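Comments concern the structure below.
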Amino acid sequence: MADGLYDLVIERDVMVEMRDGVRLATDLYFPARDGQPVPGKFPAVFHRTPYDKSDVERNSNYGQFFAQRGYVAVYQDCRGTFQSEGDVNFLLPEAEDGYDTLQWIDQQPWSNGKVGSWGTSWSGWTQTAMAALGPTNLKAMVVNMSGADAHESSVRHGGALELRFLAWAFWHSAANTQRALKADPSVDTALNLGAPAFADWLARMPLRKGQTQLKLVPPYQQWALDLLTKADYDEYWQHPSYAPALFWDDFPDVPTLIIGGWYDSYTRSTCKNYEGLTARKQGPVRMLMGPWTHGTQTLEQSFAGDVEFGEDAALDDFRDLHLLYFDWALKGVDNGEANAPSVRIFAMGGGGGYRTSSGRLFHGGHWRDEAEWPLARTNYTKYYLHGDGTLSPQEPATEGGDTVYRFDPANPVPSIGGNVSSLSEIGPLPPGVGTSANAPWRARTEQLMEPGGFDQAEGPAFYGCAPPYLPLGSRPDVLVFTTEPLVEDVEVTGPIEVRLWVSSSAPDTDFTAKLIDWYPPSRWYPHGYALNLTDSIARLRYRNGREKGELLTPGEVAELTITLYPTSNVFAAGHQIRLDISSSNFPRFDVNPNTGDPIGQERRRQGTDNRIHHNAAQASHVVLPIIPT
């Protein structure tokens, strides 16, 4: 009985029938002795994945780990993936499929009626989706880096589309070995040998029906086109699988641990889920926010992109954290979890800015326990944009101040780090390997856009950059606003909004905002270091609400709010707080063609003159959540 109380017995590919007759492949990991499952009833831990349940276990061993410690671990391939039946339909089936499987677990002789769920990303959505239907045997959740409202952020975002999900359709369809999807062997060959890379399709946006390799896998093509074209907030986006936030009232009132990272693609959703559930549930509901990028293993890393935070930033063992939580929530073990803080956050910054032996900027930071989120002591402070490029709490005094720049959608601002995930493409099969079944997808995917913190200067490692690799702030279509060097440390922790008064020569365009910690020049970084903290985008046609786009009369001034992802950062004395304003952030977001044509169906692009107003009557500003020292 290595490393646990029990041995292990696995029952593979149990086909669990859903309400519509589709069967989902499910692996069961039982506590065992002498080669036989231990008799009796146990709590279950439940994980649903589109990433091949067998591969997930090979890479994490959660199933074995939990079974040896007195749980039945239940792994399931999501609908349309790997060994399960049915068609892939981007998250949509997860609510009903998860709920139906929970009902099935409840009927098994080994179940004691208590189920805890766990998982990251899509496997986080699977948890909140089924919770939205109110299952009675779901008794605890550990939701790592997942969504709350797909249309608000994480899929569409301020009216724009996060292109990572189009990338997902391309690489996942190539990796998915479901027999029905690839009944014709030539389909797998066509997707994995010589198919155009997703990077190539980024240069030919928007996607056209029947013109990409997705035509060979119609379920993927359909939902990719839906995400691309369904920009208005309507019934499509209000299903519990897409918008668990609409169904918080229906969630079971159970212990829930919500986990996220400041450089994750779901940072805003993580905080939103915490706020929404704590307002409605006794739970207890807790939130853990570290300086991490998206993933599971990333929580055990002390860096994000090019930035190091110190060894304390990394969790010792994420799997052990799950065990501690489930032992308390499902077994009633008195292990200290009952007294854990409501919120635990990592405040980034204060590390000194030297270059580490691994070549990263040492930004540093520290953990802190809090009683709520956002923090009750927050002093929301307006920092105004001024025509001379300064950013300060002083309101603009002059009339008629504005700054105009030319935005060319054929030359978008390249994304350099930030809150992104799965913006990847899959490489060819290894030499001598004929099918994707014999080449695990993890070894073949490469990120087109690296997440995390980076100096905001172009470089060969970033998509869309070209020599001579100059700072982003030197581009004519990037407006830079900075404070004077700070005389003392300033902590910014919480949600952030940028409120702009804008006009454009086009009927529709985008505006982007990025908050930056500007390091002064040093012996390690002679030109300084512009560290991105958080960014966002807003599409002008949705300035009055996301329900339906409204084109703007060219030249008309409009008020526009850009909601940045929350963050926590200490701007050290001598640093400057910087806000960059532009109109593109590619390939993190799709690029607005500026024509006002139906989104995702345009066939033309045009340049536009975009104007930021910063005068007494139209005082564009950012609202920073300042934490008193």
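As the structure is a prediction and not an experimental result, all values here were calculated from the model.
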For this session: Determine, step by step, whether Asp232 and His151 satisfy the side-chain hydrogen bond (donor to acceptor under 3.5 Å, both in side chains) criterion, reporting the C-alpha distance in whole Å, the side-chain angles of both residues, the deciding distance to 0.1 Å, and the verdict.
Result: CA-CA 9 Å; Asp232 290 351; His151 188 272; over 6 Å; no

Exercise. Does a side-chain N-to-carboxylate-O contact under 4.0 Å join Glu275 and Arg280?
Worked result: no

Problem set entry | Ring geometry between Phe318 and His322 (parallel below 30°, tilted from 30 to 60°, perpendicular above 60°) | perpendicular

Seminar exercise, completed: Taken to the nearest 0.5 Å, the spacing of Ile516 CD1 from Leu533 CG works out to 8.0 Å

Exercise. Between Asp55 and Arg442, is there a salt bridge with N-O shorter than 4.0 Å?
Worked result: yes

Seminar exercise, completed: In short, Trp122 meets Pro50 closest at the heavy-atom pair CG-CG, 3.5 Å

Exercise. Tyr242 vs Tyr236 aromatic rings, parallel, tilted or perpendicular, using cut-offs 30° and 60°?
Worked result: tilted

Exercise. Side chain of Arg156, backbone of Gly159: donor and acceptor closer than 3.5 Å?
Worked result: yes

Exercise. Yes or no on side chain to side chain contact (heavy atoms under 4.5 Å, CB included) for Val498 and Leu564, after CA distance, side-chain angles and deciding distance?
Worked result: CA-CA 7 Å; Val498 176; Leu564 275 64; 3.6 Å; yes

For this session: Step through the shown structure and confirm whether more than 12 heavy atoms of other residues, nucleotides or ligands are within 6.0 Å of CD on Glu547.
Result: yes

Problem set entry | Aromatic contact, Trp367 with Phe346 (centres under 6.0 Å) | yes

Problem set entry | Heavy-atom donor-acceptor pair, Gln282 side chain to Pro284 backbone, under 3.5 Å | no

Exercise. If you measure from the Lys or Arg side-chain nitrogens to the Asp or Glu carboxylate oxygens, is any gap between Lys114 and Asp106 under 4.0 Å?
Worked result: no

Exercise. Between Phe65 and Arg319, is there a cation-pi geometry (under 6.0 Å to ring centre, at most 45° from the normal)?
Worked result: yes

Seminar exercise, completed: Of all heavy-atom pairs linking Ser121 and Ser146, the shortest is O-OG, 3.7 Å

Exercise. Can you list the steps and then say if Lys514 with Leu579 is a side chain to side chain contact (heavy atoms under 4.5 Å, CB included)?
Worked result: CA-CA 6 Å; Lys514 183 184 297 179; Leu579 183 71; over 6 Å; no

For this session: Give the minimum heavy-atom separation between Phe247 and Phe251, together with the two atoms involved.
Result: O-CD1, 3.2 Å

For this session: May I ask you to decide if Asp264's main-chain N or O and Asn419's side chain share a donor-acceptor pair within less than 3.5 Å?
Result: yes

Exercise. Is the distance between the ring centroids of Phe589 and His157 less than 6.0 Å?
Worked result: yes

For this session: Please lay out, stage by stage, how Asp77 and Gln83 fare under the test side-chain hydrogen bond (donor to acceptor under 3.5 Å, both in side chains).
Result: CA-CA 7 Å; Asp77 284 334; Gln83 302 305 313; 5.5 Å; no

For this session: Measure centre to centre between the rings of Trp292 and Trp262, then say whether the value is under 6.0 Å.
Result: no

Problem set entry | Electrostatic pair Arg377:Glu370 at N-O distance under 4.0 angstrom | yes

Problem set entry | Shortest non-hydrogen contact from Ala44 toward Val74 | CB-CG2, 4.3 Å

Exercise. After noting the C-alpha distance and the side-chain angles of Arg546 and Asp234, does the key distance pass the salt bridge (charged side-chain N to carboxylate O under 4.0 Å, His left out) rule?
Worked result: CA-CA 9 Å; Arg546 56 177 173 158; Asp234 56 19; over 6 Å; no

For this session: Spell out, as yes or no, whether a donor-acceptor pair under 3.5 Å connects the side chain of Asn144 to the backbone of Gly295.
Result: yes

For this session: Return yes if some donor-acceptor pair links the side-chain N/O of His239 with the main-chain N/O of Pro93 below 3.5 Å, else return no.
Result: no

For this session: Kindly say whether Leu324 contributes a backbone atom to a donor-acceptor pair with the side chain of Asn335 at under 3.5 angstrom?
Result: yes

Problem set entry | Ion pair Lys281/Asp253, N-O distance below 4.0 Å | no

For this session: Verify the neighbour count for atom NZ of Lys41: are there more than 12 heavy atoms of other residues, nucleotides or ligands below 6.0 Å?
Result: yes

Exercise. So, Asn176 side chain and Phe82 main chain: donor-acceptor pair closer than 3.5 Å or not?
Worked result: yes

For this session: Mind running side chain to side chain contact (heavy atoms under 4.5 Å, CB included) on Thr81 and His172 for me, showing each step along the way?
Result: CA-CA 9 Å; Thr81 69; His172 191 271; 3.8 Å; yes

Seminar exercise, completed: One should read off an interatomic distance between Leu423 CG and Ser265 OG, to the nearest 0.5 angstrom, of 10.5 Å

For this session: Answer yes if the ring centres of Tyr62 and His47 are under 6.0 angstrom apart, and no otherwise.
Result: no

For this session: Please test Tyr71 against Asp327 for side-chain hydrogen bond (donor to acceptor under 3.5 Å, both in side chains), starting from the C-alpha separation and ending with a verdict.
Result: CA-CA 10 Å; Tyr71 295 88; Asp327 277 353; 2.5 Å; yes

Seminar exercise, completed: The single option from Lys53, Arg48, Gln76 that satisfies side chain to side chain donor-acceptor pair (under 3.5 Å) with Thr26 is Gln76

For this session: Kindly state whether the ring of Phe303 and the ring of Phe309 have centres lying under 6.0 angstrom apart.
Result: no

Exercise. Closest approach of Ser241 and Trp125, non-hydrogen atoms and distance?
Worked result: O-CE3, 3.1 Å

For this session: Determine, for Phe42 and Lys331, whether the Lys NZ or Arg CZ falls below 6.0 Å from the six-membered ring centre while staying within 45 degrees of the axis.
Result: no

Exercise. Passes salt bridge (charged side-chain N to carboxylate O under 4.0 Å, His left out), Arg499 versus Glu497? Steps please.
Worked result: CA-CA 6 Å; Arg499 299 171 186 167; Glu497 282 192 344; 3.0 Å; yes

For this session: Please lay out, stage by stage, how Ser424 and Thr445 fare under the test side-chain hydrogen bond (donor to acceptor under 3.5 Å, both in side chains).
Result: CA-CA 6 Å; Ser424 307; Thr445 51; 5.6 Å; no

For this session: Could you tell me whether Trp168 and Phe90 have their ring centroids closer than 6.0 angstrom?
Result: no

For this session: Could you go through the salt bridge (charged side-chain N to carboxylate O under 4.0 Å, His left out) check for Asp535 and Arg588 one step at a time?
Result: CA-CA 10 Å; Asp535 58 42; Arg588 172 149 155 68; 3.0 Å; yes

Exercise. Distance-only, no hydrogens or angles: does the Ser111 side chain make a donor-acceptor pair with backbone N or O of Gly113 under 3.5 Å?
Worked result: yes

Problem set entry | Electrostatic pair Glu94:Arg79 at N-O distance under 4.0 angstrom | no

Exercise. Parallel, tilted or perpendicular: which describes the rings of Trp118 and Phe66, with under 30° parallel and over 60° perpendicular?
Worked result: tilted

For this session: Classify the ring geometry between Tyr266 and His294 as parallel (under 30°), tilted (30 to 60°) or perpendicular (over 60°).
Result: tilted

Problem set entry | Arg23/Glu17 under salt bridge (charged side-chain N to carboxylate O under 4.0 Å, His left out): CA gap, chis, key distance, verdict | CA-CA 4 Å; Arg23 300 182 305 158; Glu17 187 170 336; over 6 Å; no

Problem set entry | Ring-ring centroid check Tyr383 His621, cutoff 6.0 Å | no

For this session: Say whether, by atom type as modelled, one donor and one acceptor occur between the side chain of Asn89 and the main chain of Gly80 under 3.5 angstrom.
Result: no

Exercise. Is the backbone N or O of Gly63 less than 3.5 Å from a side-chain atom of Glu57, with the two atoms forming a donor-acceptor pair by type?
Worked result: yes

Problem set entry | Closest non-hydrogen atom pair between Ala129 and Ala95, with its separation | O-CB, 3.4 Å

Exercise. Does CG belonging to Asn379 count more than 12 external heavy atoms closer than 6.0 Å?
Worked result: yes

